[in-house]
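Structure first, commentary second.
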Amino acid sequence: MASYDDVMSLSVRRGFLWPAVDLYGGFAGFYDYGHNGVLMRRRWEDLWIETFLGLSDDYHLIDTTTILPEPALKASGHVDHFTDILVTCTRCGESYRGDQLLEAATHEEHEGLTPAEIDARIRDLKIRCPNCKGELGPARPFNMMFPLEVGPTGKDRAYLRPETAQGVYLNFKREFEALRRRLPLGLAIIGRAYRNEISPRQGAYRMREFLQAELQIFFDPATFADGLRFDAVASTPIRIAWATEKNQPGAHDIAAKDLVARDLPPWYVYHLAAVQRFYLDGLQVPRDAFRFAELDEKERAFYNKIHFDIQVKQESLGGFKEVGGVHYRTDHDLKGHEAMSHLKQSVTFGGSKLIPHVLELSFGVDRNIWTLLDLSYSKGERVVLRLPPRIAPVTVGVFPLVNKDGLPEKAEALHANLRKRLTVSYDESGSIGRRYARMDEIGTPFSVTVDHETLEGKGVTVRERDSQKQIRVKEADLTDTLDRLLAGEVTFGA
RNA sequence: GCGUGGGUAGUCUAGCGGUAUGACACAGGCCUUCCAAGCCUGUUGCGCGGGUUCGACUCCCGCCCCACGCACCA
């Protein structure tokens, strides 16, 4: 059980994450990573790449620009649909979405109106502030994208990308050719995205600059399922909360094949299983803290035909929180770019010509890091971060038991050797217990200590973070033993 | 953006119209044969700007930032 303050305080104290620019009072919606945060994030990213690119030989990582010109984002729908028309009360200052004010007054949909049109209708309908009955000010557009002026004249309007996905769609044809015209084709980006959030909240949860890890899988809906081994996951129970239950705390376990029976495509369910495996097995999230939450038609974006959020329950943020999503975007994006660019996005594959459809596996990296800090935080006599060993920023701590009799020299030599292959921390300050405690706080799973018996050729001790148990290991076997411990082939339990 | 509460060292905290308390952490030293021991020494702070005042961390105003609730989150 970790409160928000617990996680943030540890995070700041131990170099994981903190508010950006705090020298100048802070900058809402922006966070910086410290040395341990970056290490941890890289390990999360490595596991993510290993897991999801490992799904197929035809899935690859690419990298694209974070600034996109207006036409590209016009085609994606972001210029028009990522905008709300806001109306602010001149008396109480409350802001409303213009379309919602009109909808409340007329019970009709009012999408796609210009600010001037909304002003006119507010006048005609004599709408006043729902909060204080004050007079409403002029409607103004608010786009969640950060606009930029590119070049000396600034004529070429551009924006910071609101999602990494568009970078993939813009490069689909290039990669389809370079990868010799295969479907399904997976293209992933781990990179920064930007949204001008109205009110950023809860630390790394809602930021204005954030990291996404997204895999876009391009496929032919007629044949996608044929190439997947659905039978391997058919009886796997998937944690599901339906749209009507998303405010409730729990989830159902529903076998993958039963989800298919409820009209979810097999290829979609197959990937739900893959995502669930990443969280339960890879990141060791407790089963009851994980679920997919369905979004109903009103909640999901217009281009998403099927949308489940990936949610993890975390004490510091008050319950289940979205850390990613599994989105069936159909052929919306490629179609949009084809229409705007006038360049054909259709491909010929397996005898048929089609615009590929897209399944998007989307993850908020910062949210995942926060989630893992929350879940692994445990406070007894001292704080221990029970991170999965593969995710921990530092993998091994190396110490001399005392600072005399040649023990430090021996330990430093050991450290120099281990650090060639692992992230290792050497420490000879304070007592041995204090050093173990330091390692516990940043989640280091194993600590190696050189004592007097080491000098007699009897090996070193290896201490496990969670159990505080120790085993004695011959120096010659140390790297091998550590590898096996990290791989989970050996445990301390036995 | 609205409302409520808040902002004192790396973290957590005490306090007052006369520039600040303690704990932990951190650094150096002594000691130490395995879990934040002890002793000595040391570093670091009143979110920012303006006003009132002889003097502001303290009172007033504005701003920034944080948490919570509302709204927002294609």
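Every chain is numbered from 1, with letters handed out A, B, ... down the list of sequences.
- The same atom, P, is picked in B:U13 and in B:G38; the two are 23 Å apart, to the nearest Å.
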Check your understanding: Going 5' to 3' along nucleotides 68-74 of chain B, which nucleotides have protein heavy atoms under 4.0 Å from the base (write B), which only from the sugar-phosphate (write S), and which from neither (write -)?
Key -> BBBBBBB
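- In this structure, NZ in A:Lys305 is found 9.5 Å from CG in A:Asp331, a value given to the nearest 0.5 Å.
- At whole-Å resolution of the value, CE in A:Met8 and C1' in B:C65 are 12 Å apart.
- Among A:Arg386, A:Arg465, A:Arg463, the single residue meeting the salt bridge (charged side-chain N to carboxylate O under 4.0 Å, His left out) criterion with A:Asp440 is A:Arg463.
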Review point. Which parts of nucleotides 38-49 of chain B does protein reach within less than 4.0 Å, heavy atoms only, written one letter per nucleotide 5' to 3' as B for base, S for sugar-phosphate only and - for none?
Key: ------------
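- The nucleotide B:G55 finds no pairing partner, because no Watson-Crick or G-U wobble arrangement with both distances shorter than 3.5 Å includes it.
- Ring-centre distance between A:Phe146 and A:Tyr159: not below the 6.0 Å cut-off.
- For B:G50 and B:A56, the C1' atoms lie 13 Å apart once the distance is rounded to whole Å.
- Atom CG in A:Leu407 sits about 12 Å away from atom C1' in B:U32, given to the nearest Å.
- Side-chain nitrogen and oxygen atoms of A:Lys469 include none within less than 4.0 Å of the OP1 or OP2 phosphate oxygen of B:C35.
- In this structure, the CG atom of A:Asn403 is 13 Å from the C1' atom of B:C34, given to the nearest Å.
- Closest approach to the A:Arg438 side chain among B:A36, B:C26, B:C34 is made by B:C26 (side chain taken as heavy atoms from C-beta onward).
- For A:Gln311 and A:Glu322, the side-chain atoms include no donor-acceptor pair closer than 3.5 Å.
- Across B:C66, B:A36, B:C34, the shortest atom-to-atom separation from the side chain of A:Ala437 is found for B:A36.
- In this structure, A:Ile442 CD1 and A:Leu10 CG are separated by 10.0 Å, a value rounded to the nearest 0.5 Å.
- Side-chain contact check for A:Thr454 and A:Asp451: at least one donor-acceptor pair (N or O, by modelled atom type) lies under 3.5 Å.
- In this structure, NZ of A:Lys404 is placed 12 Å from C1' of B:C30, rounded to the nearest angstrom.
- Taking the six-membered ring for Trp, A:Phe172 and A:His337 have ring centres at least 6.0 Å apart.
- With both ends at atom C1', the span from B:C39 to B:C68 equals 45 Å, rounded to whole Å.
- No side-chain donor from either of A:Thr330 and A:His332 sits under 3.5 Å from a side-chain acceptor of the other.
- A:Gly430 comes within 4.0 angstrom of nothing in the nucleic acid, heavy atoms only.
- The partner of B:A27 is B:U41, judged by Watson-Crick or G-U wobble contacts that both fall below 3.5 Å.
- At a threshold of 4.0 angstrom between heavy atoms, the contacts of A:Ser9 are confined to the sugar-phosphate backbone, with no base atom among them.
- The separation of B:G18 from B:C57, taken at their P atoms, amounts to 11 Å, rounded to a whole angstrom.
- Nearest nucleotide to the side chain of A:Arg472, out of B:G10, B:C34, B:C35: B:C34.
- On the P atoms, B:G15 is 14 Å away from B:U8, given to the nearest whole Å.
- In the displayed structure, A:Arg390 atom CZ is contacted under 6.0 Å by more than 12 heavy atoms of other residues, nucleotides or ligands.
- Between A:Arg13 and A:Glu381, it is A:Arg13 whose nearest contact on RNA chain B lies nearer the 5' terminus.
- In this structure B:G62 sits in a base pair with B:C48, meeting the Watson-Crick or G-U test at under 3.5 Å.
- Rounded to whole Å, the separation between the C1' atoms of B:U11 and B:C54 comes to 38 Å.
- Using a 3.5 Å distance cut-off with no hydrogens or angles, the side chains of A:Tyr377 and A:Ser316 do not pair a donor with an acceptor.
- Nucleotide B:C34 is matched to nothing when pairs are restricted to Watson-Crick or G-U wobble geometry with both distances under 3.5 angstrom.
- Remark: aromatic rings of A:Phe210 and A:Tyr194 are distant, center separation not under 6.0 Å.
- Under the 3.5 Å distance criterion, with hydrogens and angles disregarded, no donor-acceptor pair is assigned to the side chains of A:Tyr426 and A:Arg435.
- Nearest-nucleotide assignment on RNA chain B puts the 5′-proximal partner with A:Arg14, out of A:Gly29 and A:Arg14.
- Protein atom CD1 of A:Ile471 is 19 Å distant from nucleotide atom P of B:C34, rounded to whole Å.
- In this structure, the CG atom of A:Asp451 is 12 Å from the P atom of B:U33, given to the nearest Å.
- Between A:Asp440 atom CG and B:C24 atom C1' there is a gap of 17 Å when expressed in whole angstrom units.
- Following rounding to the nearest Å, A:Ile432 (CD1) and B:U32 (P) show an atom-to-atom distance of 16 Å.
- Rounded to whole Å, the P atom of B:C61 lies 29 Å from the corresponding atom of B:C70.
- For B:U19 and B:U53, the C1' atoms lie 16 Å apart once the distance is rounded to whole Å.
- Distances shown here put every side-chain N or O of A:Ser431 at or beyond 4.0 Å from the OP1 or OP2 atom of B:C35.
- Below the 3.5 angstrom threshold, one finds no donor paired with an acceptor across the side chain of A:Glu441 and the base of B:A25.
- B:C16: no Watson-Crick or G-U partner with both key distances under 3.5 Å is found in any strand.
- Checking B:U32, B:C66, B:A27 against every side-chain atom of A:Ser429, the shortest atom distance belongs to B:A27.
- Here B:G3 sits opposite B:C68 as a Watson-Crick or G-U wobble pair (both hydrogen-bonding atom distances under 3.5 Å).
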